[in-house]
Each structure stands twice: as structure tokens, then as C-alpha cells.
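Heads up, the thing below is written out as C-alpha cells.
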Amino acid sequence: QVQLVESGGGLVQAGGSLRLSCAASGHFFSSYAMAWFRQAPGKEREFVAHISWSGGSTDYASSVKGRFTISRDNVKNTVYLRMSSLKPEDTAVYYCARAITIRGSYHQDEYDYWGQGTQVTVSS
């Protein structure tokens, strides 16, 4: 079955960097767009970034544009989220998700499989 396993979260000071990874298995990874979402305490889950099946197209939430970079390795079946200039408001559980399309979307209902999440905590 399809599995998505995130890793790389942790505690970091404001201004620091982290790289999240999401290892996929159980499906033909390169056929699907992928995305990262996040959920902060007491808030709804929100879109962070998505990447097309080939990696040729990406898009970001305005709150992370210029600081975060999404990428993928279709040989390793892994999608990454490089996060720089982290802020306390970036604190959240970060989830990767598989899109039902090849291009990706901002909308959570266009993703059919989700990982368990990895905690990112940014201290001020």
C-alpha cells in the first residue's frame, strides 16, 4: 500500500534551517505531484508548497515564498522541503501528501495519501 514517511523535523532557533524529507513507497512515485502542508497548534492545516510530477513546476504559500524550497528525487522516491530563515510562526507539524493529479494543488481535498507528520519547533 501507499506509504509516506516524513523525517527531519526538530527544534531550531529562529533564523536557522532544516530540511524535511518524505520517503514514498507502494506506488509509482514519479506519476504524482506532491506537497507539504502544516498544522500549527489550534489552527487548521494549511498549504505550504507543491511540486509537479517532474519537479519542473513548484508553488508556495506566500508566507514561506523565498524561504522554503520544495524539491524531489524520483529515483529515491523522496520529496524534500528545505526551510531557511525560520520564524517562530513556522512552528507546526509538517505533513507530506500525494496529489491525485500530476500538477499539484493548494486544496487538501486534491490529495489522497498523507504521512504521519513531523514536528518542527522554532524558538525565538
Side-chain angles (χ1 to χ4, degrees):
Q1 76 259 23
V2 176
Q3 284 193 315
L4 302 173
V5 180
E6 300 97 335
S7 61
L11 174 64
V12 63
Q13 288 189 333
S17 299
L18 280 175
R19 189 182 78 159
L20 306 183
S21 300
C22 172
S25 62
H27 68 286
F28 195 52
F29 179 74
S30 60
S31 294
Y32 299 90
M34 299 291 294
W36 289 93
F37 289 78
R38 67 186 181 185
Q39 186 168 21
K43 296 188 177 181
E44 294 189 353
R45 190 161 56 186
E46 64 176 5
F47 168 77
V48 175
H50 69 69
I51 186 167
S52 64
W53 67 278
S54 66
S57 175
T58 59
D59 205 357
Y60 299 88
S62 57
S63 59
V64 307
K65 194 170 290 185
R67 300 189 297 122
F68 290 12
T69 302
I70 188 171
S71 62
R72 66 189 296 160
D73 185 331
N74 285 347
V75 174
K76 295 183 177 179
N77 287 357
T78 302
V79 61
Y80 304 97
L81 185 69
R82 175 68 177 175
M83 306 184 294
S84 303
S85 302
L86 282 161
K87 305 175 182 180
E89 51 263 43
D90 295 317
T91 295
V93 177
Y94 283 72
Y95 299 90
C96 70
R98 189 188 82 168
I100 60 175
T101 67
I102 62 173
R103 294 185 56 84
S105 167
Y106 305 110
H107 305 295
Q108 297 185 47
D109 58 3
E110 297 191 22
Y111 294 84
D112 57 356
Y113 286 94
W114 296 78
Q116 82 289 349
T118 186
Q119 176 71 47
V120 172
T121 303
V122 184
S123 63
S124 57

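Residues: numbered from 1 along the sequence shown.
Rounded to the nearest 0.5 Å, atoms CG (Leu81) and SG (Cys22) are 10.5 Å apart. Atom OG of Ser52 sits about 12.0 Å away from atom CE of Met34, to the nearest 0.5 Å. Rounded to the nearest 0.5 Å, atoms CD (Glu6) and OG1 (Thr78) are 11.5 Å apart. Atoms NE2 and CG, from His50 and Asp59 in turn, are 4.5 Å apart once rounded to the nearest 0.5 Å. Glu46 contributes atom CD, which lies 5.5 Å from atom OG of Ser63 (distance to the nearest 0.5 angstrom). Interatomic distance, OH of Tyr106 versus OH of Tyr60, reported as 11.5 Å (0.5 Å rounding).
The heavy-atom pair separating Gly9 from Leu20 by the smallest distance is N-CD2, 3.6 Å. In plain terms, the two heavy atoms of His107 and Ser105 that are nearest each other are N-OG, 2.9 Å. The two residues Met83 and Val120 make their nearest non-hydrogen contact at CE-CG2, 3.8 Å. Taking each heavy atom of Gly104 and Ala99 in turn, the nearest pair found is CA-CB, 4.4 Å. For the residue pair Ser30 and Asn74, the shortest heavy atom distance occurs at CB-ND2, 3.4 Å. The two residues Val48 and Val64 make their nearest non-hydrogen contact at O-CG2, 3.6 Å.
Between Arg82 and Ser71 the shortest side-chain heavy-atom distance does not fall below 4.5 Å. Contact check for Thr91 versus Gln119: side-chain heavy atoms found under the 4.5 Å cut-off.
Take Arg98 and apply the salt bridge (Lys or Arg N to Asp or Glu O under 4.0 Å) test, not counting sequence neighbours, and it matches Asp112.
For the pair Arg38 and Phe47, the cation-pi criterion (under 6.0 Å, within 45° of the ring axis) is not fulfilled. For the pair Arg72 and Trp53, the NZ or CZ position fails the cation-pi test of under 6.0 Å to the six-membered ring centre and within 45 degrees of the ring normal.
Aromatic ring orientation, Phe68 versus Tyr94: tilted (interplanar angle from 30° to 60°).
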As a quick check of understanding, evaluate side-chain contact (heavy atoms from CB on, under 4.5 Å) for Asn77 and His27, giving each step before the final call.
CA-CA 9 Å; Asn77 287 357; His27 68 286; over 6 Å; no
Test side-chain contact (heavy atoms from CB on, under 4.5 Å) on Gln108 and Trp114 and set out the steps.
CA-CA 10 Å; Gln108 297 185 47; Trp114 296 78; 4.1 Å; yes
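Hydrophobic cluster membership is shared by Ile51 and Leu4, with clusters built from Ile, Leu, Val, Met, Phe, Trp and Tyr side chains linked at under 4.5 angstrom. At a threshold of 4.5 Å between side-chain heavy atoms, the hydrophobic network of Ile, Leu, Val, Met, Phe, Trp and Tyr places Val12 and Trp36 in one connected group. With hydrophobic clusters built from ILVMFWY side chains whose heavy atoms lie under 4.5 angstrom apart, Tyr80 does not share a cluster with Leu18. Residues Leu86 and Phe37 do not share a hydrophobic cluster, defined by chaining ILVMFWY side chains whose heavy atoms lie under 4.5 Å apart. With hydrophobic clusters built from ILVMFWY side chains whose heavy atoms lie under 4.5 angstrom apart, Tyr113 does not share a cluster with Ile102.
In the hydrophobic clustering (ILVMFWY side chains linked at under 4.5 Å, chained through shared members), Tyr32 stands by itself.
Under a cut-off of 6.0 angstrom, the local environment of CZ in Arg103 is sparse, with at most 12 non-hydrogen atoms contributed by other residues, nucleotides or ligands.
Side-chain N or O atoms of Gln116 include none that pairs as donor or acceptor with a backbone N or O of Val5 at under 3.5 Å.
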